[in-house]
There are 2 protein chains.
Amino acid sequence: MTQRNEQQPGPEQPQGESAGEDGYPPEVADFVERLAADLTEAGFPRMPARVFSCLLASESGSLSSAELGERLLISPAAVSGAVRYLSQVHLIARERQPGSRRERYRVHAEVWYEAMTNRDAVLNRWISTFSSGVEAVGPESPAGRRIAESVEFLTFMRNEMAALMERWRTTRRES
Amino acid sequence: MTQRNEQQPGPEQPQGESAGEDGYPPEVADFVERLAADLTEAGFPRMPARVFSCLLASESGSLSSAELGERLLISPAAVSGAVRYLSQVHLIARERQPGSRRERYRVHAEVWYEAMTNRDAVLNRWISTFSSGVEAVGPESPAGRRIAESVEFLTFMRNEMAALMERWRTTRRES
DNA sequence: CGCTTGTTTCACAAATTTGTGAAGTCAACG
DNA sequence: CGTTGACTTCACAAATTTGTGAAACAAGCG
């Protein structure tokens with residue numbers, strides 16, 4: 001049987017999306033699923049990964065809940081859960097068009113910058129945990145020195161990453 | 001200062017093994033669990049996270065399967081699964097002492113360097129996936145440009161991280 | 001050689017996670 | 001104001017993951 005994706009032939013045309021977007025060709029779907037698989041393997045929850053990938057591969061970078069459900073063949077509830085997760089970790093923004101009930105979800109223009117900023121919060125938490133560990137085992141013990149080195153490494157990383165992201169940003173801007 | 005190592009002390013049999021095993025005070029157990037929780041939250045499987053944390057907090061940086069089970073109150077099977085995972089991702093090394101059946105699991109001396117090297121492999125995979133995505137959506141489309149930028153970012157990161165790790169290593173060595 | 005002990009494997013039970021249908025909520029439109 | 005349609009929440013079913021006991025396996029030791 002033909003594996004064409006179900007295009008809901010509703011009376012309302014999905015507007016807001018550029019004209020070429022109406023299709024969702026299999027190659028794109030393949031890419032979306034492959035990327036989602038990579039992300040999932042890295043510890044990302046499945047549905048958020050799929051939704052994120054789908055948004056990234058969309059023309060305008062933003063889709064409505066209905067469009068997402070249509071492309072990914074998932075229920076509105078699944079979309080809802082996924083977008084809630086994604087906006088909590090600041091990977092997407094929700095935007096409401098004034099005269100419409102349709103909410104649109106958009107990948108942040110500087111996704112990577114955002115993602116890295118999130119990591120920064122995690123890093124700080126780890127630094128705190130490791131620091132408490134140094135005290136717990138005693139700073140003068142071998143374990144204490146080992147854990148203290150971890151604190152140093154993480155601090156190093158946090159600082160360098162901040163610098164790195166700044167560098168990326170300016171490089172981007174001038175291109 | 002007879003801070004006894006995790007070394008098997010002799011023919012004595014550990015009876016009534018509990019969390020309060022000497023050489024493993026509650027503060028340390030707390031740290032281990034807290035760190036494991038942080039790692040788990042970051043997508044790390046639970047048992048590997050606990051085992052890794054426990055090794056990191058141990059005096060010698062290496063423990064036997066029995067010792068791990070004792071400290072973490074888990075079955076040999078759970079230890080086995082966790083250490084297999086950890087050695088697959090190159091976070092620990094297994095070492096066999098010549099005259100003993102006891103295998104010891106050791107956190108790599110340069111854990112962080114190792115961890116980052118792993119990330120490098122993941123990065124490459126992502127770069128490959130994103131690259132295929134550019135073709136899938138068409139390089140000239142907005143989506144194509146968005147995904148191409150991701151490829152650039154990931155490549156940037158891969159290169160910079162390599163440089164960064166080298167810098168960390170030399171900084172370490174000279175201290 | 002076989003016993004003894006530490007480790008791995010296997011099958012299964014428990015717990016957690018995932019995704020769905022259906023009811024509920026809210027706001028734009030007639 | 002009531003209707004309508006888009007999104008959310010809730011309770012539950014399915015699927016996956018986790019960890020265990022028990023049996024199998026291997027290697028030192030008597």
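Below, chain A is the first sequence line, B the second, and so on; all start at residue 1. Small disclaimer: the values here were computed from a predicted structure and weren't measured. We use all heavy atoms of the structure for the numbers below, so side chains are in, but hydrogens, waters and symmetry mates are not.
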**OP:** Any chance you could list the contact pattern along nucleotides 15-22 of chain C? Use B for base contacts, S for sugar-phosphate-only contacts and - for none, protein heavy atoms under 4.0 Å, 5' to 3'.
**Re:** ----SBB-

Original post:
Does any N or O in the side chain of Ser80(A) come within less than 3.5 Å of the main-chain N or O of Pro76(A), such that one atom is a donor and the other an acceptor?
Top reply: no

Original post:
Do Arg172(B) and Glu110(B) touch side chain to side chain, with heavy atoms closer than 4.5 Å?
Top reply: no

Subject >> Donor-acceptor under 3.5 Å (Ser87(B) side chain, Val83(B) main chain) >> reply: yes

**OP:** Looking at every strand, decide which applies to Ser80(A) at a 4.0 Å heavy-atom threshold: base, sugar-phosphate, or nothing.
**Re:** base

Original post:
Arg102(A) side chain to Leu63(A) main-chain N or O, any donor-acceptor pair under 3.5 Å?
Top reply: no

Original post:
How close or far is atom C1' of dC7(D) from atom CD of Glu95(A), stated in whole angstroms?
Top reply: 16 Å

Original post:
How is Tyr85(A) classified with respect to the nucleic acid when contacts are heavy atoms under 4.0 Å: base, sugar-phosphate, or nothing?
Top reply: nothing

Original post:
CZ of Arg94(B) versus P of dT7(C): gap in Å, rounded?
Top reply: 10 Å

Original post:
Nearest-Å distance, CZ (Arg102(B)) to C1' (dG28(D))?
Top reply: 13 Å

**OP:** Rounded to the nearest 0.5 Å, what's the gap from OG on Ser53(B) to CZ on Phe130(A)? Could you check?
**Re:** 7.0 Å

Original post:
Rounded to the nearest 0.5 Å, how far apart are CH2 of Trp168(B) and OH of Tyr113(B)?
Top reply: 13.5 Å

Original post:
Do any N or O atoms from the side chain of Arg106(A) and from the backbone of Ser60(A) form a donor-acceptor pair under 3.5 angstrom?
Top reply: yes

Original post:
Does a side-chain heavy-atom distance below 4.5 Å link Arg50(B) with Leu68(B)?
Top reply: no

Dump the pairs, protein N or O against N or O of nucleotides 27-30 of chain C, anything under 3.5 Å, distances to one decimal.
from	atom 1	to	atom 2	distance (Å)
dC29(C)	OP1	Gly99(A)	O	3.1

